[in-house]
Amino acid sequence: MRRAVVKGVGHYLPERVVPNAEFEKTLDTSDEWIKARSGIERRHFAAADETTSDLATHAAKAALAMAGMDGNDIDAIVLATSTADLTFPSAATMVQHNIGNTSGYAFDVQAVCAGFVYALSNANALIMSGQADRVMVIGAETFSRIMDWTDRSTCVLFGDGAGALILEAEEGNGDAADRGVLSTDLNSDGRYKDLLYVDGGVSTQNTGMLRMEGKEVFRHAVEKLAKTADTALEKVGLGPDDVTWVVPHQANIRIIQATAKKLGVEMERVVVTVQDHGNTSAASIPLALSTAVANGQIKQGDLVVTEAIGGGLAWGAVVIRW
Ligand code: UT7
């Protein structure tokens, strides 16, 4: 059976680090409140002349280096973002150009904070169906561009960054011991579109800013994330005890802890980067994966479960044998 096996990961964070204390200068907020309610201590913001495809290109080159591949070795690039440089062409085609790829195809996926899980699931489908042998999956965002800097309930939560992962087709036995993507579970429910959205876009003629009913999103998040992770594991006959690492979307430490508890996985087996990155939307999972590989947490053979939820609402999970 064909499997999409991870060959490389990489990430990039913009140089500018913004600690919580910086918001105390302009907003009625505090380092204590932000830390206690979200777990975030700092985040990175892109420079004025730095775009989402710039961040993505750095991450893509790092992933290529780990995989020992050149740009033209890649058949397809699937880039998850809600903050592409331009309305079109896709940020993926910009990365394609930047890594010197002229033989493949590239496109963006937009599922907000669940974007990376959606992109990974689609990349896996391209490999499983034989439409590609090597796929680069990227999550990249510049959410600092869509913040309302007067809204303390949102602007302290988000950050910028990018992560990339390269999948390659390999033959497996078709069981849960195989390396590669073992299962995926995707969901969305547009009835909840008003809980988390940007109040502008091309068709409404303004860029818009992020708006969120934080408490409501929180309530949905814990329930839906635990369920989608459970469902993805069940699809391959596995359970929470089989999991080496949960790599959740990094939005809020309290959501991460409550979801882990509901799932029955202790925090020692959960990768947490939210304190350093903030919520980087579609970039948060590949940033966490790449960080965990770099610091020796995730190793070949580990069973990794990623789960994410965001605007839509859209949510999902992917089970990978590293
Ligand atoms: O990535 C996509 C998914 N997004 C998420 O998962 C985000 C989900 N939501 C959350 O993470 C949390 O709901 C927040 C971190 C956004 C908020 O935490 P909370 O515990 O739900 O707080 P809250 O919204 O109930 O606000 C509590 C109080 C309010 O004041 P009152 O009404 O009790 O007087 C807020 O006005 O905290 C106030 N508040 C703040 N205070 C200081 C809100 N933001 C701030 C702030 N600093 N930055």
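Counting starts at 1 for both ligands and their atoms, following the listed order. No hydrogens, no waters, no symmetry mates; every other heavy atom, side chains included, goes into these values.
Of all non-hydrogen atoms in Asn124 and Ala4, the two that sit nearest each other are OD1-CB, 3.4 Å.
Remark: ligand 1 atoms within the under-4.0 Å shell around heavy atoms of Leu157 are 16 (C). Set against the non-hydrogen atoms of Asn279, the atoms of ligand 1 under 4.0 Å away are 1 (O), 2 (C). Set against the non-hydrogen atoms of Ala251, the atoms of ligand 1 under 4.0 Å away are 1 (O), 5 (C), 6 (O). Taking every non-hydrogen atom of Val156 and a distance limit under 4.0 Å, the qualifying atoms of ligand 1 come out as 48 (N). Atoms of ligand 1 found under 4.0 Å from any heavy atom of Arg37, numbered from 1 in the order shown, are 15 (C), 20 (O). Atoms of ligand 1 lying under 4.0 Å from any heavy atom of Ile309, numbered from 1 in the order shown and given with element: 2 (C), 3 (C). The Ser153 neighbourhood of ligand 1 comprises atoms 44 (N), with distances under 4.0 Å to a heavy atom of that residue.
By the 4.0 Å N-to-carboxylate-O rule, Arg211 lies too far from Asp194 to be salt-bridged with it. Between Asp133 and Arg2 a salt bridge is recorded (basic side-chain N to carboxylate O distance below 4.0 Å). Salt bridge present: Arg16 and Glu22 bring a charged side-chain N and a carboxylate O closer than 4.0 Å. For Arg134 and Glu168, the salt-bridge test passes: some basic side-chain N is under 4.0 Å from an acidic carboxylate O.
Checked against a 3.5 angstrom limit, the closest N/O atoms of Gly214 and ligand 1 fall inside it. The distance criterion of under 3.5 Å between nitrogen or oxygen atoms is met by Arg152 with respect to ligand 1. Considering backbone and side-chain atoms alike, Ser30 places every N or O at 3.5 Å or more from each N or O of ligand 1.
Distances from atom 17 (C) of ligand 1 to the heavy atoms of Phe218, Phe158, Trp33, Phe143 show the closest one on Trp33. The closest heavy-atom contact to atom 3 (C) of ligand 1, among the options Leu27, Val217, Asn20, comes from Val217. One option in Met212, Glu216, Lys215 has a heavy atom closer to atom 25 (O) of ligand 1 than any other, and that option is Lys215.
Between Phe23 and Trp149, the ring planes lie parallel to each other; the angle is under 30°, not in the 30° to 60° tilted range.
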Let me see the working for Asn187 and Asp185 under side chain to side chain donor-acceptor pair (under 3.5 Å), right down to the final yes or no.
CA-CA 7 Å; Asn187 313 265; Asp185 182 61; 3.2 Å; yes
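Shown here, atom 37 (O) of ligand 1 is in close reach of the protein: a heavy atom of it lies under 4.0 Å off.
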